[in-house]
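Below is one structure, written out as structure tokens; the observations come after it.
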Amino acid sequence: MHSQNIVLDKGAGDNKFFSESKTRLPFVLLLPSLVVMFFVVGYPMLYSFVISFTNYTLVSSGGPKFVGFKNYITLFKDPVFGRALLRTVFYMLIAVNAEFILGLLIANAMSHVIRGQGILRTIIMMPMMFAPVLVGFQFKWIFNDQVGLVNNILYEIFGHPVIIPWLIKKPLGFITILIAEIWMNTPFMVIIFLAGIMAIPTEILEASDVDGATEWQKFIHITVPSLMPFIYIAMAVRSLDIAKAYDLVSIMTGGGPAHRTELIWTYVYRLAFTSQKFALGSAMSYITVLLAVLFTYYLFRQLIRVRKVRE
Amino acid sequence: MKKAKLVFVLMLSALMVLGAFTLLYAGGEKEKSAGEKKAPEQIVLKCAFIGGANYEELYKSIPEFEKKTGYKVEIVFKGDGFQIDKKLKTDFAAGTVDYDVCWDHSSFFTQYIKAKGIIPLEDYFTQEELSDHIPMILNAGKKNGHLWIIPRHFDISCLHYRTDIFNNEEYKKKFKQVTGKDLEVPKTWDEFKETALGLQKILPPGMYATQFAGKEEALTGRFYEILIAEGGQFFDKNWKPAFNGPAGVKAATMLRDLYQAGAMPPGMTNFVWEDVAKNWVAGNIAMYTEWYGWYSYFQDPKSSKVAGKFDIARQPMGDAGIHSGWAGDHAFSITAASKHKKEAAELIKFLTNYDNQYREAKLGFLVTRQSVWKKIIEEAKQSGNPLDVKRLKLAQLQASEDFKTPPLVAEWLPSSDIVYPILQAIILGDKEPKAGLDEAARKVEAMMREAGYYK
């Protein structure tokens, strides 16, 4: 191993191209993927960014005209956009935190299961195996006010028709979508946290047993702090995922009624494709992406901080 | 060192090869596009069509066309109406149209004209070839003095009502007790509202007097047809929104009052076409306006509790003495990008000829050739169910007298997108009808101004 390093160092030292900068080699190695990323991600993003400063619509007969920040100003004046943005943030906060708490509790409980953990893991992961569109249809039926499962159960319990418009009433519509979201994605947190728990050195737990720590103390003072990097990564991934929430809401309520469950991406889709306002939709996407990037940046900063503390 | 150099050179070469392949592929695709000139027997007509079981029966006849002409027909895209609409708009905008014939719709085609995606068709069809189509439907495909779409089949709504309720002596008696009036099939929207409110008081729990589809264009369209019947307009002649006048307020108030009185299911504002049809076949609704296209589903005792227990009537009239008749037709257009326009027109003529329209009529579609109607009405007489004949005759009458498309303007769907959430807010009681419609009118006016209709 030692001699191999010497050979590599010697080789690199003989070549000006590679020796001038230590950062050049990684860059060269990344070049192919950067080129591909530029064409499939960078260019479309740049294009839509430019479009967001024009009056471009999907059925424009002439070319797009530059309108400066007009689209961005329009959005900030639009109360529907403001409410959809707030609702998306609220949706993200509730869903991510609920998934985090449930995920942590389930993972901790599962880590104590000695026999049949493999089967349990498969069962727990099942909601993740369904496409969000299918989950949307499933929950739309469960909460349907006429033929839905929940109202039918209530009918069985009370003996007369109980018709609750779950998907219509405030705030029931929002809550039912949250239930679907949490049901579908908690398993992701469980799997990540379970992997984290399994990686905790047994010596620490054994030492705490010797010290007479209770299960709760072990959970709070050993398990949770050890899991912090996993928690930040899982929450960052889920936050980004939920910031893009579209399928579930689109199927279950379409963002309605009367914008009551409107999230950013259902509104973007409606503006860009149905209302043909492609430029306005692009501007809105940029605001959303910017917020998601800031949120992820914050979570990764926290992750780095935790890692530094541990080191 | 040499190895590293070699790796670097290899990587650069790989990227260049990748780039070259990309260019070659793009070139090849361009070559294969709709515009390429080939020998007559090799002409390939590409199509973007509507998909779905019954819609696709027509495409089974295409081999016959290929055999007759020597052309090859490729369906490069199939999707539902809204999926094709999205595809067409994005393809027209991006200039990536690789098909000659596309599905079209009377509610959508004005968008494609504005996007310069489709061409006028009058040069490709003679008057004689078009004369068999129901004139009102053919005219619905005209804009700026040109014909843009060739109709395939249409749909319009009629009032569906339960005979086991309207003809039931017990219900009649109770209705009289509650309202002081006879239980009759409503002929006007005022009667419709009154009947629904009265019926709701006597129906068993879990049943509703009526319903409407409650979101997206489905809701705007229903509002639109009541608005017209009541003497209103969606746009005035200068394309300024006019739906917030007394007729619009009356229509919106009726929808709100029926919902607030519990005469419609509480989930109504989340219903689209499938949902209202499901409620009807589940036997939960006493009367509502519905498209003819669902008829065979409604009459199938395996899927419908109301099979043989309902009748139909012409849509109610409003204060203007006009019957509601929001309607639309599925159609075909030729794309501007096609360089086989003549051949594309031949394909459309084939797909809408007598034999194919008869084939579609047998599936339950309301086709547009008058000659086919004569034949299917004669055949329906043999079925033994008088409703089979009544349905066809009523549809024919409505097609010739009540057929009303939404305003023929590219901004119809964007307008609908503004109006329907506000209509929902009115129905749910979040906004007053007048205030809500005024707000919608202001927003639609701003959108139309931005689109260049006025300063």
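Sequence lines set the chain letters: A, B, ... in the order given, protein chains first and strands last, and positions in each chain run from 1.
What you find for B:E432 and B:I426 is that their closest heavy atoms are O-CG1, 4.1 Å.
A:T266 and A:E262 share a side-chain donor-acceptor pair at under 3.5 Å. A donor-acceptor contact under 3.5 angstrom links the side chains of B:Q211 and B:N279, judged on distance only.
Between A:F53 and A:Y72, the distance from one ring center to the other falls under 6.0 angstrom.
At a 4.5 Å heavy-atom cutoff, the contact between A:P257 and chain B is made by backbone and side-chain atoms alike. With a threshold of 4.5 angstrom between heavy atoms, A:Y269 approaches chain B through side-chain atoms but not through N, CA, C or O. Proximity to chain B is limited to the side chain of A:L167, based on heavy atoms less than 4.5 angstrom apart. Heavy-atom distances place the side chain of B:N284, and not its backbone, under 4.5 Å from chain A. Only the side chain of B:Y420 comes within contact range of chain A, with at least one heavy atom under 4.5 Å from a heavy atom of that chain. Contacts between B:T90 and chain A at a heavy-atom distance below 4.5 Å involve backbone atoms as well as side-chain atoms. Heavy-atom distances place the side chain of A:K140, and not its backbone, under 4.5 Å from chain B. Residue contact with chain A, scored on non-hydrogen atoms closer than 4.5 Å, involves the backbone and the side chain of B:K89 alike.
Summarising the geometry, atom CH2 belonging to B:W273 is positioned 8.0 Å from atom CD belonging to B:E217; distances are rounded to the nearest 0.5 Å. To the nearest 0.5 angstrom, B:M268 atom CE is 8.0 Å from B:Q424 atom CD. Interatomic distance, OH of A:Y91 versus CD1 of A:I242, reported as 6.5 Å (0.5 Å rounding).
By number of non-hydrogen pairs under 4.5 angstrom with chain A, the leading residue of B:T269, B:D417, B:V272 is B:D417. In terms of heavy-atom pairs under 4.5 Å with chain A, the best-connected choice from B:G452, B:G117, B:G267, B:A425 is B:G267. Your options are A:R270, A:K169, A:H259, and the one with the most heavy-atom pairs under 4.5 Å with chain B is A:R270. Among the candidates B:G206, B:A93, B:S416, B:P266, the residue making the largest number of heavy-atom pairs closer than 4.5 Å to chain A is B:P266. In terms of heavy-atom pairs under 4.5 Å with chain B, the best-connected choice from A:M252, A:H160, A:R260, A:K277 is A:R260.
Just one of A:V80, A:L85, A:T88 meets the side-chain contact (heavy atoms from CB on, under 4.5 Å) condition when paired with A:Y267; it is A:V80.
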